[in-house]
There are 2 protein chains.
Amino acid sequence: MADRATPLLHRDDPSKDPLVGHVKVTRDDWLNVARDVLVSDGVADVKVLALGQRLEVSRSSFYWYFKSRKHLLEALLDGWEDRNTQTIIDACALPAPSIGAAVCNFFRCFLDPDLFDQGLDFAVREWSRRDGRVRQRIDAADQTRLAAVTEMFQRFGYPPSDADTRARILYFMQLGYHALELREPMDSRLERIEGYLRGFTGKEPDPRAVAALRSFVKDLGDR
Amino acid sequence: MADRATPLLHRDDPSKDPLVGHVKVTRDDWLNVARDVLVSDGVADVKVLALGQRLEVSRSSFYWYFKSRKHLLEALLDGWEDRNTQTIIDACALPAPSIGAAVCNFFRCFLDPDLFDQGLDFAVREWSRRDGRVRQRIDAADQTRLAAVTEMFQRFGYPPSDADTRARILYFMQLGYHALELREPMDSRLERIEGYLRGFTGKEPDPRAVAALRSFVKDLGDR
DNA sequence: TCCCGTCTAGACATCTCTGTCCGGACTCCG
DNA sequence: CGGAGTCCGGACAGAGATGTCTAGACGGGA
């Protein structure tokens, strides 16, 4: 024992750390930090050393949880697919009394950042431009999502080609909205959505569906 | 003289090179290759070694033309600004008999990839998300472009606030269109533009302006 | 108390990219 | 012919990132 007499904790000052209470870093911690960096800085900046510094832990810890950086990126993609694509599929498969209510269900998962993470979706889309395998996964995800939306319209009696067209417009519109990074107040966004409902269903929006959407948004604002 | 008896040219087989005829690599060659990589792979992949390999030249040549990689990126930004922002400014300042013809001038520079490079604009916009200084430059460029479009509407009698609104819709719409990476046939794109003309000018499109735009597009297709 | 599984620090080799330096080939021009 | 200027290849050092290895701290169970 020479100069180091305080080997107790590997974290000097846990109070100023966002993970107060944790003494150990979990695999999910690595994944969450990696996801944050992916969204804010892009995949090129997802570096083991940088993630470790943010977690105030050395790189060695990383290699306990992940075989390599490549495996981390793979896990990141799996999480993205589980979260975003599955959310859309679930929303489209939800039972609904009318097509208007069904479209409302579709919009709901985009309104709640806990359900669909648009920043992550955008980051993966950007990542795909530079990685063929990611490109394949996101292309497949787009196909899967579109198929789910198309099936939703078909379930309410729209003929296949019509359902396909409406699904594409609906899905692409959401992509474009997020791509522009508009920051619109929730109220005017709701009004726009009601306008969309008329366009996609071809009739006046179901008042009960609109009311449900409004209360859903209100809950989002309250919490 | 040991094993190398053919020191004549530094390029083994100039025939299969895109720069046939060039024996020397120019500063513009480096810039062009760098721009291509920036557009297709992002700024992180703009590496001196990779650019040199594509030019079939060693990195030493690079440091003859550029002080450092940072200076190359700076030159890339200067070229982007000279080309894209200046193109919009010039198009908006062009004399026109009516606001409809003026808006046609605006659309023209987006239809011709030699005037406005949308891939480059998109790549720089993406780069700006990870570099504060680039972010400042692109924010300033957006302001400058919007001011030019606003001035165009004001020149034709629109009151300032109205001109500002129309300019924003017009400019943001172009951004969104390119962001979605739609590949629409030129014919249907022209029809859409005529529809926009009604919206932005509030009256039927100037037939002469539309005819000029059509012949401009035809020239683009012919060459 | 002691041992074992869990988790991390630090040292190390390796790779990639950057930037510098030197020398040589080529061109132009006197 | 020859010297200066232009341009490039190759070697070198340094920084930073990845992945491996070993020793050791911690906690829980026999």
Under the side-chain contact (heavy atoms from CB on, under 4.5 Å) test, which residues partner B:Ala96, sequence neighbours left out?
B:Ala101, B:Ala102, B:Asn105, B:Phe156
Run the salt bridge (Lys or Arg N to Asp or Glu O under 4.0 Å) test against B:Asp142 and tell me which residues pass, sequence neighbours left out.
B:Arg125
What salt bridge (charged side-chain N to carboxylate O under 4.0 Å, His left out) pairs are there with at least one residue in residues 57-69 of chain A, not counting sequence neighbours?
none
OP1 or OP2 of D:dC7 less than 4.0 angstrom from a side-chain nitrogen or oxygen of B:Trp64, does that happen here?
yes
Can you check the [X] [atom1] to [N] [atom2] distance for me, whole Å?
X       : N      : atom1 : atom2 : value
B:Trp30 : D:dC8  : CH2   : C1'   : 10 Å
B:Asp45 : C:dT18 : CG    : P     : 11 Å
B:Lys70 : C:dG19 : NZ    : P     : 9 Å
B:Tyr65 : D:dC7  : OH    : C1'   : 6 Å
A:Phe62 : C:dA9  : CZ    : C1'   : 17 Å
A:Asp28 : C:dC7  : CG    : P     : 13 Å
B:Leu55 : D:dG9  : CG    : P     : 10 Å
B:Phe66 : C:dT20 : CZ    : C1'   : 18 Å

How long is the straight-line distance from CG of B:Leu111 back to CZ of B:Phe106, given to the nearest 0.5 Å?
10.5 Å
Can you tell me which residue pairs pass the ring pair (Phe, Tyr, Trp, His ring centres under 6.0 Å) test with a partner in residues 66-92 of chain B, sequence neighbours excluded?
B:Phe62-B:Phe66
CA sep, side-chain torsions, deciding dist, call: A:Val57, A:Trp30, side chain to side chain contact (heavy atoms under 4.5 Å, CB included)
CA-CA 10 Å; A:Val57 121; A:Trp30 285 100; 3.5 Å; yes
Do A:Ser60 and C:dG10 share a donor-acceptor pair, side chain to base, under 3.5 Å?
yes
Is a donor-acceptor contact shorter than 3.5 angstrom present between the side chain of B:Ser58 and the base of D:dG10?
no
What donor-acceptor contacts under 3.5 angstrom involve side-chain atoms of residues 84-95 of chain B, with partners at least two apart or in another chain?
from, atom 1, to, atom 2, distance (Å)
B:Asn84, OD1, B:Asp117, N, 3.0
B:Asn84, ND2, B:Asp117, O, 3.0
B:Asn84, ND2, B:Asp121, OD1, 3.0
B:Thr85, OG1, B:Arg145, NE, 3.1
B:Thr85, OG1, B:Arg145, NH2, 3.2
B:Gln86, NE2, B:Asp90, OD1, 3.0
B:Thr87, OG1, B:Arg83, O, 2.4
B:Thr87, OG1, B:Leu115, O, 3.0

What string of B, S and - do you get for nucleotides 12-18 of chain D, 5' to 3', if B is base contact, S is sugar-phosphate-only contact and - is no contact with any protein heavy atom under 4.0 Å?
-----SB
